[in-house]
Number of protein chains: 2
Amino acid sequence: MGVTIKDVAREAKVSVASVSRALNGHGGVTAETLERIREVAARLRYIPHGAARSLITRRTHTIGALLPDLYGEFFSELIRGIDLAARVHGLQLLVSSSHDGAAEAASALRAMQGRVDGLLVMSPHADAAFLRQNLPVGLPTVLMNTVLERDDYAALSVDNAGGARLVVEHLLGEGYRRIAFIQGPVGNHDVAEREQAYREALAARVPGVPPIVLPGEFDEASGYRAGQRLIAMSPRPDAVFAANDMMAIGCMAAIREAGLRIPEDIAVAGFDDVPMARYVSPALTTAGVRIAELGKAALEQLAGQIEGDEAPAVHMRIAAELMVRASTTRNQKSKAARAD
Amino acid sequence: MGVTIKDVAREAKVSVASVSRALNGHGGVTAETLERIREVAARLRYIPHGAARSLITRRTHTIGALLPDLYGEFFSELIRGIDLAARVHGLQLLVSSSHDGAAEAASALRAMQGRVDGLLVMSPHADAAFLRQNLPVGLPTVLMNTVLERDDYAALSVDNAGGARLVVEHLLGEGYRRIAFIQGPVGNHDVAEREQAYREALAARVPGVPPIVLPGEFDEASGYRAGQRLIAMSPRPDAVFAANDMMAIGCMAAIREAGLRIPEDIAVAGFDDVPMARYVSPALTTAGVRIAELGKAALEQLAGQIEGDEAPAVHMRIAAELMVRASTTRNQKSKAARAD
DNA sequence: AGCATCGATGAAAACGTTTACGTTGCCCTC
DNA sequence: GAGGGCAACGTAAACGTTTTCATCGATGCT
């Protein structure tokens, strides 16, 4: 079908080796033959076959990203950060996502063998056994937000505990005491870290007050339901910390519909700092991580492993920062509480 | 470095051909040899080399997506739609984006040769000459939101004109007359279509009223600036239609800060129906396209071209639907204007 | 018993490149 | 003028697969 290097060679009356040298600028060809080869290649619309090239070169200039999902702001930002950094390093991006089973994730991972120079893995299935089984040996790999804490691979994750601590301490600082927590999907590692930090912060700062934990599913609807349950409690919590922003927003809707005021009656805080958090009213206090930075840092780490073949196996945590907004500030002293 | 099919063959004391047959389930191997090969392959952690395989197979099970950018809700949704559909067809996704120059886009496109079975192209640089020059001949391709109207390639686009018409006619129906339009980046094809439809709808329905057009850059800040300019005009426009939602949101901020009310003093409408549009207050009227549907439809079309090698060269427009919300409804009759 | 058939297996070609190595012809130097 | 050096170019191997074809033994049939 396509036109190959042989066609160009035949048409330009040289060997395939010369065509390769000419087109890759390796020198060793006269100016006039180079020109002739260029002309023929352009005329024939010759485009080198990437698979064939990388078979011999052992370089694909591509990195694979194994993600659990592509939905929502988090992955959008993550991919953007990865892509931006990849572009700097001249790398392309092979993404694979939405695999709900471990088997599917495994086959996606295996399908990347030979097509990528390195791997960015973020998957709930990525435990030690899974990786040992499906990760090509010797392939540079960086893990993101994984449960794994061994030193076999480089790993980057968001500082869930630190962020959650910031939120809880802020709420306590504002005078709230009965602080509820809305969980995310069961088994989610980020959620577990956030919840544990919430419990620990509470135990450390207000030892007498028991934690209040409600289930959630990361989506707005489950936040709404949690909000309804929360309102019905007695004594009613005076603040709620949702494991992500979308649930916090759902929760706010439930609180408002019950005729209660935010933050006077109940304060609401989230996690992630999605763009929308600034726009809801009142604006949502949340712990944000520059997700794009996470993606960028992960790719830089991977690129380092690929280029210089050092395997430093860094473990790094991306810090979360607290964005204080109107949803948790009783008094108007906060600068985030602008005229709404 | 890695373990190849030869290693497995040697270890299992068979030929590479038998290993290939066994592992691909092509039959022609005894049950016991099959089992032995499987065992060896698992023990050696053999993973087939994708590039080598697709070199001979002429199938990569991968489609390439050339996108202008990855930032924001639009691309997030688009990729999600593509990815979801790709998964159904067993295809992986090689994305390339953020190429600001035509040269960069070209090299990205060429780098995909031999690594993909088909191409999804959405690029401002993708004019006829560009495609003829850089598109591998015979590679299935679907264009998205492109200026191209020739029948050479299949093409899908959002119905910008239809959506813009819906918005303008809705505003006119609500009694607004001096309707301003905020543009997007110059040269953007979508924006051009929206603006033209705006002008045409105005000319058709209220022939005397001149169009009012302000520059914009698709981001919130430029919407804010446009809002400030708009407020200072006399006579002041009583409605504004921004070429996308983020600018509309920026514009709303400017209007509010000037002490004017939305929609009583100035109505605001956008385009895209980003998730945030429902959450700003007042909620934003906008023309939405199910972007994920666009991505899905594009991939389905491409998959059709790849599997059955028919090249129907369909041209299809994804309809936009009007989401009427509080930002344009003077009276409370709209169901979207819930208690805020 | 002889012959055709069939299933399992191996040898080798092919896919489209890059690159190590040879070969050629030229120029320069002694 | 012979030899050496060098630049340009060609030959062929290599990358890791799949697949066609040939081989071989065993089996079934007459």
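All figures in this text were calculated on a predicted structure; none of them were measured in a lab. So you know, we letter chains A, B, ... as the sequences are listed, proteins then strands, and number each from 1.
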Rounded interatomic separation in angstrom, taking NZ from A:Lys6 and P from C:dT18: 13 Å

Touch class at under 4.0 angstrom, heavy-atom based, for B:Thr33 against every strand present: sugar-phosphate

Any B:Thr4 side-chain N or O less than 4.0 Å from OP1/OP2 of D:dG16: no

Short side-chain N/O contact from A:Ser18 to OP1 or OP2 of D:dG10, under 4.0 Å: yes

Interatomic distance, A:Ile5 CD1 vs D:dT11 P [rounded to whole Å]: 14 Å

Distance in Å, A:Leu302 CG paired with A:Leu143 CG, rounded so as to fall on 0.5 Å steps: 11.0 Å

Sugar-phosphate only, base, or nothing, as touched by B:Ser20 at under 4.0 Å among non-hydrogen atoms: base

Presence of salt bridge, A:Arg80 and A:Asp83, under 4.0 angstrom: no

A:Ile306 versus A:Arg59, closest heavy-atom pair with distance: O-NH2, 3.5 Å

Whole angstrom value for the distance that separates P of D:dA14 from CZ of A:Arg58: 13 Å

Given D:dA8, C:dG16, C:dT9, the nucleotide with the shortest approach to the side chain of A:Ile56: C:dG16

Residue whose closest nucleotide on DNA chain C lies nearer the 5' end, A:Tyr46 versus B:Leu34: B:Leu34

Side chain of A:Ala17 - closest among D:dC9, D:dT17, D:dG10: D:dG10

Earlier contact from the 5' end, DNA chain D, for A:Val16 and A:Gly27: A:Gly27

Interatomic distance where CG belongs to B:Leu55 and C1' belongs to C:dT18 [whole Å]: 13 Å

d(CZ, B:Arg21; P, D:dG16) in whole Å: 20 Å

Nearest-neighbour nucleotide for the B:His26 side chain, C:dT17, D:dG10, D:dT19 considered: D:dT19

Integer-rounded Å distance: D:dG16 C1' and B:Arg53 CZ: 11 Å

Donor-acceptor side-chain pairing of A:Ser97 and A:Asp69 below 3.5 angstrom: no

Length of the CZ-C1' vector between B:Arg59 and C:dG16, whole Å: 19 Å

Nearest-Å distance for atom pair CD/C1', residues A:Glu32 and D:dC9: 13 Å

Electrostatic pair A:Glu39-A:Arg36, nearest N-O below 4.0 angstrom: no

